[in-house]
Amino acid sequence: MDLKNKVAIITGASSGIGEATAYELDAAGMSLVITARNKEKLQQLTSKLTNATFVASEVTDLDLPKSLLEAALNSFGRVDALVNNAGVMVVGTVETIDIEEICQMVRINVEAAFRLAYFFAKHFKQQNNGFIINLSSISGTTNYPTMAAYCGTKHAIESFTDCLRLELAGSGVGVGCIEPGKVATNLYQTWTDDQKQMVAIEQPLVAFDIARGIRFILEQPSNVNIGRLLITPAHQSA
Ligand SMILES: NC(=O)c1ccc[n+]([C@@H]2O[C@H](COP(=O)([O-])OP(=O)(O)OC[C@H]3O[C@@H](n4cnc5c(N)ncnc54)[C@H](OP(=O)(O)O)[C@@H]3O)[C@@H](O)[C@H]2O)c1
């Protein structure tokens with residue numbers, strides 16, 4: 001689609017991939033509704049974007065999909081794309097894992113992502129156009145020890161994305177996911193040094209590498225649906 005004057009919603013926009021995506025889609029001429037919990041960061045980012053508004057919220061809030069749609073319609077009169085990006089990564093061994101943290105990760109990475117995708121899929125179907133990009137991971141296609149639950153959430157995103165793509169084929173609504181390898185972001189900030197060592201890599205990606213991929217998917221003509229896009233650091237071998 002021609003992104004100029006189109007409107008995107010980005011979850012998890014207060015840092016990392018979501019923030020970079022906001023800058024990238026802003027540069028492409030889109031108006032944006034950004035969301036995350038950190039109101040101050042959202043306020044700062046909004047002030048740097050050409051046409052943007054924000055909704056500060058927990059992504060698992062049941063009212064968030066409706067609030068985001070209302071924000072888009074009230075501010076810009078339309079919505080054309082959802083970047084379903086908010087996520088966390090809790091890892092650990094069988095002995096160390098905190099099951100409550102794991103269940104909260106499932107609510108954020110899976111339940112909230114599904115809720116938002118279904119809500120906007122319905123809206124996009126009614127208007128016969130729109131695109132949903134879900135943030136998967138290389139962990140949605142591969143398995144790693146001590147990352148069982150995180151890999152599980154991203155495998156769920158893969159399967160969900162592909163089923164939705166098939167269901168909506170020919171409706172004017174596109175669906176795809178991005179599968180990043182290691183990106184240097186805050187995602188790893190609560191990890192122990194040993195855990196960080198496990199995924200240490202020379203020259204990880206930066207968030208803008210993924211943001212460009214998101215823009216690329218959205219910029220395709222209407223006869224093209226990129227269903228999945230794997231982007232890894234050139235040095236990543238697992
Ligand atoms: N970095 C990587 O190597 C990598 C690789 C593959 C896939 N990914 C995926 O990329 C996505 C973005 O991650 P990132 O690397 O950019 O990490 P990040 O810098 O930590 O950003 C995560 C974003 O999600 C938001 N978020 C987290 N929990 C939330 C909650 N409960 N409610 C609302 N918002 C919440 C955070 O905002 P607040 O804290 O302000 O709420 C933040 O804006 C995730 O889905 C992640 O799984 C990342």
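Start at 1 and go down the list; that is how both ligands and their atoms are numbered. Numbers here simply count residues along the sequence, with the first being 1.
- Note: an N/O pair closer than 3.5 Å links Asn38 and ligand 1 by distance alone.
- Between Ser137 and ligand 1, no N or O atom pair is found at a separation short of 3.5 Å.
- For ligand 1, the polar-atom distance check against Thr60 finds no nitrogen or oxygen pair separated by under 3.5 Å.
- Judged by the 6.0 Å and 45° rule, Lys41 forms no cation-pi pair with Phe54.
- Taking a cut-off of under 4.0 Å to the non-hydrogen atoms of Gly87, the atoms of ligand 1 that pass are 22 (C), 24 (O), 27 (C), 44 (C), 45 (O).
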Quick one, Arg107 with Glu111, criterion salt bridge (charged side-chain N to carboxylate O under 4.0 Å, His left out). Give me CA distance, side-chain angles, the key distance, then yes/no. CA-CA 5 Å; Arg107 284 190 282 273; Glu111 183 185 320; 5.7 Å; no
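- When non-hydrogen atoms are compared, ligand 1 lies under 4.0 Å from neither the backbone nor the side chain of Lys41.
- Considering backbone and side-chain N/O of Val88, none are found under 3.5 Å from N/O of ligand 1.
- The shortest N/O to N/O separation between Val183 and ligand 1 falls below 3.5 Å.
- Counting heavy atoms from C-beta outward, Arg212 and Phe216 have side chains that stay 4.5 Å or more apart.
- The distance criterion of under 3.5 Å between nitrogen or oxygen atoms is met by Thr185 with respect to ligand 1.
- The N/O atoms of Leu135, backbone and side chain alike, include none that comes under 3.5 Å of an N/O atom in ligand 1.
- The shortest N or O to N or O distance between Ile17 and ligand 1 is under 3.5 Å.
- Counting only heavy atoms of the protein, atom 31 (N) of ligand 1 lies nearest to Glu58 OE2, 2.8 Å.
- Look at Ala207 and you'll find every heavy atom at least 4.0 Å from all atoms of ligand 1.
- Inclusion of Lys182 in the set of residues having an N or O under 3.5 Å from an N or O of ligand 1 is not warranted.
- The aromatic rings of Phe120 and Phe124 lie tilted to each other, with the angle between the two planes from 30° to 60°.
- Between Leu164 and Ala117, the shortest heavy-atom contact is CD2-CB, 4.2 Å.
- In this structure, the protein non-hydrogen atom closest to atom 36 (C) of ligand 1 is Ser14 OG, 3.8 Å.
- Taking a cut-off of under 4.0 Å to the non-hydrogen atoms of Ile108, the atoms of ligand 1 that pass are 31 (N).
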